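First comes the structure, then the notes that go with it.
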Amino acid sequence: MKKIIKLLAVAFILIQFFQIDKTNPPVDESQDFLKIHNPSSEIAQQIKASCYDCHSNETNYPWYTYVQPVGWWTKDHIDHGKKHLNFSEFGTYEAKKQSHKMEECYELIEKGEMPLKSYTLAHKDAVLDDATKQQLITYFKEMENKLKE
């Protein structure tokens, strides 16, 4: 049993040398969702707090991303999130895709699937109370309709 514990400890130490890339791509503000659509400061602040770490090129990597394998898991979530929606590149999407992304935003908030529970555990400012959920749902629905025009 002691050998297994020592082996696991050595493995844990060794994997710390394989850190994730925490470099964010440059942000073209002319393509950023918040710059293009200029929501109220309250809505913008909540979108930044609840969405931008995983859905933009402005990810803030917290201390725990320096501990592997947690960093690998977190980076995978971020990469997956950006693949589905990147607010920093929103202006590059075609109008139909922009509208669809707004629909997905409010649907996922309505279902309680976004923001992820694993994210809100460590980021209390990302937790959406009922009133804030409703504000964001209403906002994203309005944006969807506006983008369909």
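The shown structure was predicted, so the numbers you read here are calculated from the model rather than taken from an experiment.
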For Q31, check side-chain hydrogen bond (donor to acceptor under 3.5 Å, both in side chains) against everything at least two apart and list the hits. none

Interatomic spacing from CD in E29 to CD1 in I36 - rounded to 0.5 Å: 11.0 Å

Going by an N to O cut-off under 4.0 Å, is there a salt bridge joining K148 and E144? yes

Just so I know, are the side chains of C105 and F87 near enough to count as touching, which here means a heavy-atom distance under 4.5 Å? yes

S56 side chain near N86 side chain, heavy-atom distance below 4.5 Å: yes

Does a side-chain heavy-atom distance below 4.5 Å link C51 with L85? no

Give the cluster check for M102 versus I137: same hydrophobic cluster or not, with ILVMFWY residues linked at side-chain heavy-atom distances below 4.5 Å. yes

Between A49 and A126, which heavy-atom pair has the shortest distance, and what is it? O-CB, 3.4 Å

Residues 2-16 side chain polar contacts: donor-acceptor under 3.5 Å, at least two apart:
unit_1	atom_1	unit_2	atom_2	d
Q16	OE1	Q68	N	2.9
Q16	NE2	F12	O	2.9
Q16	NE2	Q68	O	3.0

Any chance you could lay out the salt bridge (Lys or Arg N to Asp or Glu O under 4.0 Å) test for D129 and K133, step after step, and finish with the verdict? CA-CA 6 Å; D129 60 27; K133 279 184 188 180; over 6 Å; no

Heavy atoms, side chains only, cut-off 4.5 Å: are K124 and T120 in contact? no

Using the test ring pair (Phe, Tyr, Trp, His ring centres under 6.0 Å), find all partners of F140 that sit at least two apart in sequence or belong to another chain. none

One should read off an interatomic distance between K146 NZ and E142 CD, to the nearest 0.5 angstrom, of 10.0 Å

Are L147 and I109 connected into the same hydrophobic cluster when the rule is that any two of I, L, V, M, F, W, Y join if their side-chain heavy atoms are below 4.5 Å apart? yes

State which residues pass salt bridge (charged side-chain N to carboxylate O under 4.0 Å, His left out) with D76; sequence neighbours excluded, sorted by chain then number. none

Just grab all the salt bridge (Lys or Arg N to Asp or Glu O under 4.0 Å) pairs involving residues 81-102, residues at least two apart or on different chains. K101-E104

CG of N57 to OG1 of T59, rounded to nearest 0.5 Å, is 7.0 Å

To check you understand the geometry: which heavy-atom pair defines the closest contact between L136 and Q46, and what is its length? CD1-CG, 3.9 Å

Is it the case that over 12 heavy atoms from other parts of the model lie below 6.0 angstrom from the CD atom of Q19? yes

Mind checking what makes side-chain hydrogen bond (donor to acceptor under 3.5 Å, both in side chains) contact with S88, not counting sequence neighbours? none

Those residues at least two apart in sequence (or on a different chain) that pass ring pair (Phe, Tyr, Trp, His ring centres under 6.0 Å) with Y93 are F90

The criterion is ring pair (Phe, Tyr, Trp, His ring centres under 6.0 Å); which residues satisfy it with Y119, sequence neighbours excluded? H123

Report whether I78 and Y52 are members of the same hydrophobic cluster (ILVMFWY, side-chain heavy atoms less than 4.5 Å apart, transitive linking). no

Scan for ring pair (Phe, Tyr, Trp, His ring centres under 6.0 Å) pairs involving residues 54-74, sequence neighbours excluded, and state none if there are none. W73-H77

Y139 with L34, same ILVMFWY side-chain cluster at under 4.5 Å: yes

Does one hydrophobic cluster hold both Y106 and I47, with members joined at side-chain heavy-atom distances below 4.5 Å? yes

Sequence neighbours excluded - salt bridge (Lys or Arg N to Asp or Glu O under 4.0 Å) pairs with any residue from residues 55-69: K48-E58

What pairs of residues pass the salt bridge (Lys or Arg N to Asp or Glu O under 4.0 Å) test when at least one of them lies in residues 106-119, not counting sequence neighbours? E110-K141

For residues P115 and L128, determine if any side-chain heavy atom of one lies less than 4.5 Å from a side-chain heavy atom of the other. yes

Please name the pair of heavy atoms, one in D53 and one in N60, separated by the smallest distance, quoted to 0.1 Å. OD1-N, 3.0 Å

So which pairs with a foot in residues 15-24 pass salt bridge (Lys or Arg N to Asp or Glu O under 4.0 Å), sequence neighbours left out? none

